[in-house]
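Here's the structure we're looking at; comments come further down.
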There are 2 protein chains.
Amino acid sequence: MARSADPVLAERRRRQILDAAMACFRRRGFHQTSMQEICAEAHLSAGALYRYFASKAEIISAIAEDDWRGREPLFEAIERGPDVVAAVCALAEHALETCGGDGSLVAEVIAESIRDPEMSQRFADHDAIFRRRLTLALAAAQRRGLAKLAITPDHAAGIVMLMLDGLVLRAAGFGAARARPLLKDFRVAVEHLFVPAPPPPRRAVKLVAAEIDS
Amino acid sequence: MARSADPVLAERRRRQILDAAMACFRRRGFHQTSMQEICAEAHLSAGALYRYFASKAEIISAIAEDDWRGREPLFEAIERGPDVVAAVCALAEHALETCGGDGSLVAEVIAESIRDPEMSQRFADHDAIFRRRLTLALAAAQRRGLAKLAITPDHAAGIVMLMLDGLVLRAAGFGAARARPLLKDFRVAVEHLFVPAPPPPRRAVKLVAAEIDS
DNA sequence: ACCTGAACACCGTTCAAGT
DNA sequence: ACCTGAACACCGTTCAAGT
């Protein structure tokens with residue numbers, strides 16, 4: 001928003017406000033936190049804050065944007081790492097960690113994105129990107145012989161994403177501690193979708209089919 | 001809340017308020033709807049409304065309770081129906097329908113349950129019941145020979161629930177239309193978890209393993 | 001240019017007063 | 001017993017006035 005003459009100050013103020021907001025939201029949740037509280041935490045007046053963020057929703061949105069960064073390494077691990085199953089599970093663990101802590105921010109971001117159409121669109125876009133990226137990573141792993149998929153990479157990506165949402169939703173709603181056991185379910189599912197290429201057998205086995213009358 | 005001398009009137013008023021609230025929430029979302037609007041829609045004053053519901057959250061909670069009823073038939077279809085895969089997919093379709101329509105109530109319920117600790121606890125309880133019930137249904141289907149599970153019924157239940165949440169979250173956030181394609185992913189996953197017992201083969205096949213030097 | 005903080009238009013909830 | 005609606009204690013946001 002703010003047309004600023006001093007971009008350095010502007011950036012400093014934005015971080016100052018974002019950090020204050022995150023602290024407040026973590027303590028009391030998005031809607032329980034008043035702008036006055038954020039102002040107090042950031043040592044700024046209401047008027048000053050509105051120079052840098054047009055609304056409370058815009059603050060939440062900026063926090064979500066922060067969260068979406070730095071997920072690329074996880075995809076690269078799927079593409080190139082030695083253990084695809086482990087790398088996909090790392091995606092789930094990362095999701096759980098991000099949602100970790102009880103007064104989680106992610107819960108607030110989800111809640112807000114469900115309500116606010118603009119945030120929702122932003123989420124849908126990110127969702128599509130995420131799926132494409134995951135599909136590509138899985139297909140790459142498959143081509144390199146790192147994984148034998150029981151189904152197409154695209155379906156696998158879709159299923160993994162559905163389950164990730166399940167984890168995130170529970171972590172957000174019930175706390176990371178209650179969601180953690182579900183990682184086991186996640187892993188079991190992944191293991192059945194990604195039939196890992198068996199290690200080169202020390203003894204080959206030949207299967208012979210013989211017809212018998214029934 | 002309301003200690004009422006006339007339980008018939010009380011019940012009528014509760015329905016009246018709930019119906020008005022649902023109409024308002026569907027139109028404008030939970031937090032965008034003011035109590036004044038609900039009062040107007042229900043043709044009651046604010047004071048009267050608060051005789052029957054202690055807070056806005058309690059109204060949302062009552063709506064969720066309504067939603068949780070009548071899911072039992074779906075479990076029974078899993079237990080007893082001829083096609084377990086189809087019955088499990090019906091669970092997903094039901095979830096999508098419930099979340100259907102754009103200004104969905106479910107989105108509001110999710111958002112609120114994430115925020116409000118009491119609602120969250122209620123959700124966690126229902127979640128545990130749901131998992132037990134689904135596990136039982138799957139185990140029963142398995143015992144009756146209707147399904148051969150690739151994994152334990154409990155894991156299968158957990159995975160199905162994770163994916164259901166994924167569907168619900170997207171339906172709530174992006175609209176049922178954008179979530180519907182994911183049903184295909186869901187089905188593919190279910191088909192791989194529930195290896196259906198193959199139809200009695202017209203010709204039996206005997207597998208013979210013969211060791212060979214590698 | 002940047003900031004302040006009182007003022008504005010709301011909100012959910014309560015409670016004295018009516019019938 | 002049941003209901004009304006003005007009043008209360010807030011809220012997010014704005015904007016005239018300061019430096």
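Computed over heavy atoms, backbone and side chain alike; hydrogens, waters and symmetry mates excluded. We name chains A, B, ... by the order of the sequence lines, and we start the count at 1 in each one.
The nearest whole Å value for the distance from the CZ atom in B/Arg12 to the P atom in D/dC2 is 11 Å. Atom CZ of B/Phe53 is separated from atom C1' of C/dT14 by 18 Å (rounded to the nearest Å). To the nearest angstrom, P of C/dG5 lies 16 Å from CZ of A/Arg51. Residue A/Glu37 contributes atom CD, which lies 12 Å from atom C1' of D/dC10 at whole-angstrom precision. At whole-Å resolution of the value, CE in A/Met35 and P in D/dC10 are 19 Å apart. In this structure, B/Gln32 atom CD and D/dC11 atom C1' are separated by 14 Å, rounded to whole Å. Taking atom CD of B/Gln36 as the reference point, atom P of D/dT4 lies 12 Å away to the nearest angstrom. Per the geometry, CG belonging to B/Leu44 stands 11 Å off C1' belonging to D/dT4, to the nearest Å.
Salt bridge A/Arg15/A/Asp66: present, at least one basic N to carboxylate O contact under 4.0 Å. The pair A/Arg144-A/Glu79 does not count as a salt bridge, with every side-chain nitrogen at least 4.0 angstrom from each carboxylate oxygen.
Between B/Val88 and B/Arg187 there is no side-chain heavy-atom pair separated by less than 4.5 Å. Annotation: side chain of A/Phe123 is not in contact with side chain of A/Asp127 (no heavy-atom distance under 4.5 Å).
For B/Ala48 and B/Lys56, each mapped to the nucleotide of DNA chain C holding its nearest heavy atom, the one lying further toward the 5' end belongs to B/Lys56. Mapped onto DNA chain D by nearest heavy atom, A/Phe30 and A/Gly47 fall at different nucleotides, with A/Phe30 at the one closer to the 5' end.
Residue B/Ala46 places its side chain closer to D/dG5 than to any other of D/dG5, D/dC2, D/dT13. Ranking C/dC11, C/dA1, D/dC3 by closeness to the B/Ser34 side chain, first place goes to C/dC11.
Using N1 to N3 plus N6-O4 or O6-N4 for Watson-Crick, or N1-O2 and O6-N3 for G-U wobble, each under 3.5 Å, D/dA16 pairs with C/dT4. Across all strands shown, C/dC11 has no partner, as no Watson-Crick or G-U wobble contact with both distances under 3.5 Å is found.
Phosphate contact (OP1/OP2 of C/dC15, side-chain N/O of B/Tyr50, threshold under 4.0 Å): absent. Between A/Arg13 and C/dC3, a side-chain N or O to OP1/OP2 separation shorter than 4.0 Å is present.
Checking B/Arg27, B/Gln36, B/Gln16 one by one against B/Glu41, the side chain to side chain donor-acceptor pair (under 3.5 Å) holds for a single residue, B/Arg27.
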